[in-house]
Number of protein chains: 2
Amino acid sequence: MASNPKPDRKAYHHGDLRKALLDDAVKLLREEGEAGLSMRNLAARAGVSRTAAYHHFEGKHALLCAVAEEGFKRFGKVFYPPEMEGDDSLNEQRIQRFVQDYIKFATGNSEYYDLMFGSQLWKTEKLTETLTQEAYRTFRGYVDGIRGWQESGQISKNLDPLRYAQVSWSTLHGMSRLLIDGIYVDNQSRNAMCQAAADMLWRELNA
Amino acid sequence: MASNPKPDRKAYHHGDLRKALLDDAVKLLREEGEAGLSMRNLAARAGVSRTAAYHHFEGKHALLCAVAEEGFKRFGKVFYPPEMEGDDSLNEQRIQRFVQDYIKFATGNSEYYDLMFGSQLWKTEKLTETLTQEAYRTFRGYVDGIRGWQESGQISKNLDPLRYAQVSWSTLHGMSRLLIDGIYVDNQSRNAMCQAAADMLWRELNA
DNA sequence: AGTCAATCTTGACAATGTCAAAATAGCGAG
DNA sequence: CTCGCTATTTTGACATTGTCAAGATTGACT
């Protein structure tokens with residue numbers, strides 16, 4: 001157990017409180033929503049005292065940043081659109097699947113998505129250094145993917161990759177938010193909406 | 001002053017506390033953000049005691065619903081896309097202006113927009129009856145506007161008005177959220193983004 | 001003037017985030 | 001192996017918040 005002496009400073013009294021707190025935080029968000037996640041509630045679940053968490057996170061804000069960071073790591077696999085590896089070429093079905101994957105992640109992991117792209121963290125105080133890096137890496141990867149398609153001649157030369165990235169992401173993000181928050185749109189029309197969005201985004205790629 | 005005896009039951013001790021609370025609530029949200037808006041803070045501003053507001057709103061939730069409702073009333077003038085009145089015909093510039101107006105309202109009145117289309121109200125408890133009506137009226141107006149364009153032959157017959165409404169609104173909503181929350185996109189690229197979005201939405205109308 | 005309901009106040013309670021100081025546990029040096 | 005240092009955890013405390021219950025006040029109508 002006590003194999004590494006310095007590299008990670010965990011495994012003391014509790015074992016690995018930091019990880020336990022992060023896991024429980026996500027679980028709590030899933031089960032009871034944002035309202036159910038309190039520092040004290042969290043500590044109680046881990047079987048430690050109210051303020052134990054403050055020695056692993058500067059405060060609630062930092063803890064949420066850490067959760068968001070974990071979210072970005074899971075999200076990366078979806079949002080880097082291409083994994084252009086292989087002879088997998090760009091076509092309409094590819095876009096359709098990408099849209100579906102995005103929406104699936106957002107709605108199926110809303111406890112992460114809300115933090116990653118919600119006002120809660122972005123509006124107020126400063127984000128954690130590591131979170132900022134992870135977040136920017138994600139978006140840059142998306143733009144670079146589109147730029148790559150253009151350079152390899154798979155999409156229109158007239159397109160501005162940055163603008164297309166911003167606008168297409170707006171569509172995906174907006175749809176995710178409407179679905180997650182249950183604003184007007186019901187989950188029944190989810191597939192049809194994805195289809196319509198993919199149609200539009202695909203058409204635009206070749207405009 | 002005491003002209004109407006029953007129609008509205010206001011103007012008692014304070015004068016018109018309900019209205020004063022609503023106004024101060026918006027002002028507080030603008031100045032200090034969501035965190036600055038507390039029932040007690042609000043009451044203090046109005047010069048009344050902590051719980052006075054509870055005789056005008058069932059609770060904080062109901063108060064926020066009332067703010068959102070006011071937001072919808074102001075928003076209606078923008079979101080009903082057409083005001084098809086006059087010989088004002090549908091063209092690209094019309095769409096451009098609509099996109100700009102939407103984004104302008106969202107970013108310039110984010111204290112309203114956050115409540116109207118944020119998770120805060122939609123996710124949790126039930127919405128106020130009147131708010132629900134106002135909200136649905138707004139969205140229905142949008143879809144009807146698009147349907148009207150189609151019926152008068154101004155846009156493609158192939159389009160499903162509901163789907164187009166959902167997807168185009170997703171784009172507008174997503175862009176608004178990214179701008180309001182300051183996620184990646186900076187306000188510098190606002191106009192360029194609006195232009196790119198308008199291009200895409202216009203193209204799609206005639207696809 | 002007196003009754004009654006609308007309005008407002010006071011007192012109270014539980015939850016929350018967070019700080020300061022005390023307590024504890026594990027590791028390395030002697 | 002023991003001593004001390006530091007990382008970790010606890011306890012106590014405080015301010016803030018939303019909200020309820022009970023009482024006090026105010027204004028309108030008979």
Side-chain angles (χ1 to χ4, degrees), chain A residues 1-22 24-25 28-29 31-67 115 120-121 124-126 128, chain B residues 1-22 24-25 28-29 32-67 115 120-121 123-126 128:
Chain A
M1 297 179 179
S3 55
N4 11 23
K6 280 286 161 55
D8 52 19
R9 64 274 285 288
K10 320 171 182 176
Y12 262 68
H13 305 64
H14 173 277
D16 192 346
L17 185 54
R18 190 189 148 92
K19 180 162 168 34
L21 288 171
L22 280 178
D24 270 345
L28 260 176
L29 284 173
E31 293 169 1
E32 311 185 32
E34 185 200 324
L37 176 60
S38 72
M39 290 285 115
R40 296 165 109 105
N41 197 337
L42 204 52
R45 279 216 177 189
V48 293
S49 203
R50 290 150 269 159
T51 63
Y54 285 81
H55 293 262
H56 298 273
F57 303 96
E58 277 196 18
K60 191 177 188 179
H61 182 71
L63 190 155
L64 295 178
C65 282
V67 173
L115 290 174
Q120 173 121 75
L121 295 184
T124 62
E125 316 164 49
K126 295 286 182 220
T128 300
Chain B
M1 296 182 181
S3 55
N4 10 22
K6 279 288 161 56
D8 52 18
R9 64 275 282 290
K10 320 172 185 180
Y12 261 67
H13 305 65
H14 173 277
D16 192 345
L17 184 54
R18 189 190 149 91
K19 179 162 167 35
L21 288 172
L22 279 177
D24 271 343
L28 260 177
L29 284 174
E32 311 185 32
E34 185 201 325
L37 176 61
S38 73
M39 290 284 115
R40 297 166 109 103
N41 195 337
L42 204 54
R45 279 217 178 189
V48 292
S49 202
R50 292 152 268 155
T51 63
Y54 286 81
H55 294 262
H56 296 273
F57 304 96
E58 278 197 17
K60 191 178 188 181
H61 183 71
L63 190 155
L64 295 178
C65 281
V67 173
L115 290 174
Q120 174 120 75
L121 296 184
K123 242 183 186 171
T124 62
E125 317 165 48
K126 296 285 183 219
T128 301

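Sequence lines set the chain letters: A, B, ... in the order given, protein chains first and strands last, and positions in each chain run from 1. Since we're looking at a predicted model, the values are computed, not measured.
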For C:dC8, take OP1 and OP2 only and decide whether either is under 4.0 Å from a side-chain N or O of B:His56.
yes

Heavy atoms of A:Leu115 and A:Leu121 approach each other most closely as O-CD1, 3.6 Å

side-chain contact (heavy atoms from CB on, under 4.5 Å) with B:Ala62: which residues, sequence neighbours excluded?
B:Phe57, B:Glu58

What is the minimum heavy-atom distance between B:Ala25 and B:Leu63, and which atoms define it?
CB-CD2, 3.9 Å

I need the B:His56 NE2 to B:Leu22 CG distance, nearest 0.5 Å.
10.5 Å

Whole angstrom is fine here: how far is it from OH in B:Tyr54 over to P in D:dA21?
13 Å

Tabulate below the donor-acceptor pairs under 3.5 Å that side-chain atoms of residues 47-55 of chain B make, not counting sequence neighbours, or state none.
none

Can you give me the N/O atom pairs linking the protein to nucleotides 12-16 of chain D at distances under 3.5 Å, or say none if there are none?
| residue | atom | partner | partner atom | Å |
| --- | --- | --- | --- | --- |
| D:dG12 | N7 | A:Arg50 | NH1 | 3.2 |

B:Leu63 CG to D:dT19 C1', straight-line distance once rounded to whole Å
14 Å

Could you tell me the separation between the CG atom of A:Leu42 and the P atom of C:dT16, rounded to a whole number of Å?
11 Å

Sorted by position of nearest nucleotide on DNA chain C, 5' first, the leading residue of A:His55 and A:Gly36 is A:Gly36

What integer distance in Å separates A:Arg18:CZ from D:dT8:P?
11 Å

Taking CG from B:Asp16 and P from D:dT26, how many angstroms apart are they, rounded to a whole number?
19 Å

Could you tell me how far apart A:Lys60 (NZ) and C:dG17 (P) are, to the nearest whole angstrom?
4 Å

Can you measure A:Leu21 atom CG to C:dG17 atom P for me and round it to whole angstrom units?
13 Å

Kindly give the heavy-atom pair with the smallest separation between A:His61 and A:Lys126, and that separation in Å.
NE2-O, 2.9 Å

Is the phosphate of D:dT11, meaning OP1 or OP2, less than 4.0 Å from a side-chain N or O of A:Ser49?
yes

Can you check the B:Phe57 CZ to D:dT19 P distance for me, whole Å?
13 Å

Angle, rounded to 10°, between the helical axes spanning five pairs at each terminus of the helix from C:dA1-D:dT30 to C:dG30-D:dC1?
10°

Hey, does B:Lys123 have a side-chain heavy atom less than 4.5 Å from the side chain of A:Glu34?
no

Just grab all the salt bridge (Lys or Arg N to Asp or Glu O under 4.0 Å) pairs involving residues 35-49 of chain B, residues at least two apart or on different chains.
B:Glu31-B:Arg45, B:Glu32-B:Arg45

Pick one: which of B:Asp16, B:Leu21, B:Leu17 meets side chain to side chain contact (heavy atoms under 4.5 Å, CB included) with B:Lys19?
B:Asp16

By nearest-nucleotide position on DNA chain C, the 5'-leaning member of A:Ala35 and A:Glu58 is A:Ala35

